[in-house]
Amino acid sequence: MVQPTASGNGPQGILPAIDTRTRLYGVIGAPVGHSLSPAMHNAALQAMGCNAVYLAFHTTDPAGALAGMRALGMGGLSVTIPHKVSVMAHLDEMDPLARRIGAVNTVVPREGRLFGYNTDCFGALAALKERVDPAGKQVALLGAGGAARAVGFGLVDAAARVTLFNRNAQRGRALAQALGIEWLPLEELARHRADILINTTSVGMHPDTGRMPVPADCLRSGMVVMDIVYNPLETRLLREARAAGCEVVDGVAMFVHQGARQLALWTGRRPPVEIMRRTVLACLT
Ligand code: ATR
């Protein structure tokens with residue numbers, strides 16, 4: 001008899017009983033080899049008692065993947081880089097927030113139709129709200145890529161007073177205009193009195209772990225500093241922020257909450273957030 005190995009079966013190490021009623025979920029992207037979504041979602045699905053498995057699919061063909069999802073009756077899909085924008089053309093309906101953000105990371109099947117959602121936005125706000133309610137707070141948002149766009153719409157909707165800081169002026173101005181907020185060059189950050197600082201750039205991510213997106217003198221005691229980078233778990237930005245007396249929110253919090261929102265959309269049930277967090281942390285440490 002072939003025994004499942006721990007390395008091939010995630011940190012939980014237990015395969016569900018697979019039969020003809022097992023629901024299939026997954027993530028599409030390129031690459032997906034390092035995705036933590038399968039470990040996180042399988043741990044959650046098992047804890048919820050769902051007869052389901054979640055797999056990673058490396059594909060450069062999002063249209064084909066969605067056709068396959070329809071044909072096979074899959075329970076749901078996560079969508080990651082580089083398909084978050086291109087996948088939209090192959091959906092039947094878009095959630096209004098995902099439409100405003102212009103990116104989809106979650107596909108939900110309902111009565112034969114495919115609906116697109118963006119749970120990155122929800123994930124970022126849920127992670128931040130574990131520490132602070134951003135309503136009325138001065139927020140410095142760093143970056144102007146897809147992640148900044150998702151987080152920015154969430155912050156604006158939550159009535160935060162957001163200023164966008166980005167290295168590239170053209171990209172910074174364009175996103176600030178779409179969000180209806182002000183853009184400033186990164187060099188202005190030290191003069192800006194932010195209550196909350198959120199890094200959405202990739203600066204500090206493995207393997208460049210010695211870098212941080214802002215000088216340490218921008219970090220003041222009492223600030224809440226959030227980094228969406230989760231590899232390493234404690235980025236240099238978060239380490240320096242903690243040393244300066246700031247409260248910190250790591251990237252795992254956002255990752256876990258965006259995944260929990262996906263599961264809630266797929267199953268209509270409350271996901272086990274702490275089990276998901278523990279599973280991701282076990283993969284990272
Ligand atoms: P994503 O879609 O994941 O947000 P992206 O579109 O590549 O990724 O955006 C990355 C963001 O990180 C951009 O805002 C980029 O700044 P520019 O618009 O100036 O290119 C920012 N970024 C990346 N490396 C940076 C660095 N070394 N210093 C400052 N900002 C950086």
Side-chain angles (χ1 to χ4, degrees), residues 27-37 62 78-88 97-106 116-125 127-128 139-156 162-179 181-190 192 194 197-219 225-232 235-238 240-241 249-255 257-259:
V27 53
I28 58 166
V32 286
H34 291 94
S35 173
L36 299 177
S37 293
S78 307
V79 181
T80 190
I81 291 166
H83 304 317
K84 289 187 183 185
V85 176
S86 57
V87 82
M88 293 191 295
L97 178 61
R99 191 188 302 280
R100 279 164 69 211
I101 294 168
V104 159
N105 78 326
T106 310
Y117 289 85
N118 188 307
T119 71
D120 289 329
C121 178
F122 173 93
L125 269 290
L128 187 60
V139 182
L141 183 62
L142 309 183
R149 209 176 154 82
V151 177
F153 275 107
L155 289 167
V156 168
V162 190
T163 306
L164 190 86
F165 293 85
N166 192 54
R167 179 182 59 177
N168 179 300
Q170 203 181 351
R171 269 157 63 91
R173 282 205 184 92
L175 179 54
Q177 192 176 13
L179 293 170
I181 62 174
E182 189 186 10
W183 166 82
L184 289 173
L186 268 175
E187 303 73 56
E188 295 290 321
L189 185 61
H192 188 76
L197 175 80
I198 303 179
N199 175 46
T200 73
T201 79
S202 52
V203 179
M205 190 187 291
H206 181 81
D208 277 331
T209 55
R211 300 177 60 215
M212 58 192 282
V214 296
D217 60 9
C218 295
L219 306 169
V225 177
M226 173 164 153
D227 202 337
I228 72 160
V229 174
Y230 60 78
N231 183 13
T235 58
R236 177 160 174 218
L237 173 66
L238 295 188
E240 303 250 0
V249 182
D250 64 42
V252 166
M254 172 173 166
F255 180 70
H257 282 292
Q258 65 78 32

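Just follow the structure's listing: the first ligand is 1, and inside any ligand the first atom is 1.
Proximity to Gly146 (heavy-atom distance under 4.0 Å) selects the following atoms of ligand 1: 1 (P), 2 (O), 4 (O), 6 (O). Heavy-atom contacts of Asn168 reach the following atoms of ligand 1: 17 (P), 18 (O), 19 (O) (cutoff under 4.0 Å). Remark: ligand 1 atoms within the under-4.0 Å shell around heavy atoms of Gly143 are 14 (O). Using a 4.0 Å cut-off to heavy atoms of Ala147, the atoms of ligand 1 that qualify are 1 (P), 2 (O), 4 (O).
Side-chain contact between Leu189 and Leu197: present, with at least one pair of heavy atoms (C-beta onward) separated by less than 4.5 Å.
Summary of contacts: the protein heavy atom closest to atom 16 (O) of ligand 1 is Asn166 OD1, 3.3 Å. Nearest protein heavy-atom neighbour of atom 6 (O) of ligand 1: Gly145 CA, 3.4 Å. The nearest protein atom to atom 20 (O) of ligand 1, hydrogens excluded, is given as Arg167 NH2, 2.9 Å; this is a heavy-atom distance. For atom 27 (N) of ligand 1, the closest non-hydrogen atom on the protein side is Arg211 NH2, 2.9 Å.
A side chain to side chain contact (heavy atoms under 4.5 Å, CB included) with Val79 holds for exactly one of Asn118, Val27, Ile28; it is Ile28. Ile181 pairs with exactly one of Leu164, Val139, Leu155 by the side chain to side chain contact (heavy atoms under 4.5 Å, CB included) rule, that one being Leu164.
Around atom 13 (C) of ligand 1, the closest heavy atom drawn from Arg171, Met212, Met205 belongs to Arg171.
The neighbour count for Gln177 CD, taken as heavy atoms of other residues, nucleotides or ligands under 6.0 Å away, does not exceed 12.
Heavy atoms of Leu142 found under 4.0 angstrom from ligand 1: none, in either backbone or side chain. With a heavy-atom cut-off of 4.0 Å, Thr201 touches ligand 1 through backbone and side chain alike. Residue Arg149 does not touch ligand 1, judged by heavy-atom distances below 4.0 Å.
The closest approach between any non-hydrogen atom of Ala144 and ligand 1 is below 4.0 Å.
Every salt bridge (Lys or Arg N to Asp or Glu O under 4.0 Å) that Asp120 has, sequence neighbours left out, goes to Lys84.
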Side-chain donor/acceptor pairs under 3.5 Å, residues 198-211, sequence neighbours excluded:
from, atom 1, to, atom 2, distance (Å)
Asn199, OD1, Thr201, N, 3.0
Asn199, OD1, Thr201, OG1, 2.8
Asn199, ND2, Thr201, O, 3.2
Asn199, ND2, Asp227, OD1, 2.9
Thr200, OG1, Leu142, O, 2.6
Thr201, OG1, Val203, N, 3.2

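With Gln258 contributing its side chain and Phe255 its backbone, the two residues share a donor-acceptor pair below 3.5 Å. Side chain of Arg171 to backbone of Gly143: no donor-acceptor contact under 3.5 angstrom is found.
Considering every non-hydrogen atom in both Met254 and Ala127, the closest pair reads N-CB, 3.6 Å.
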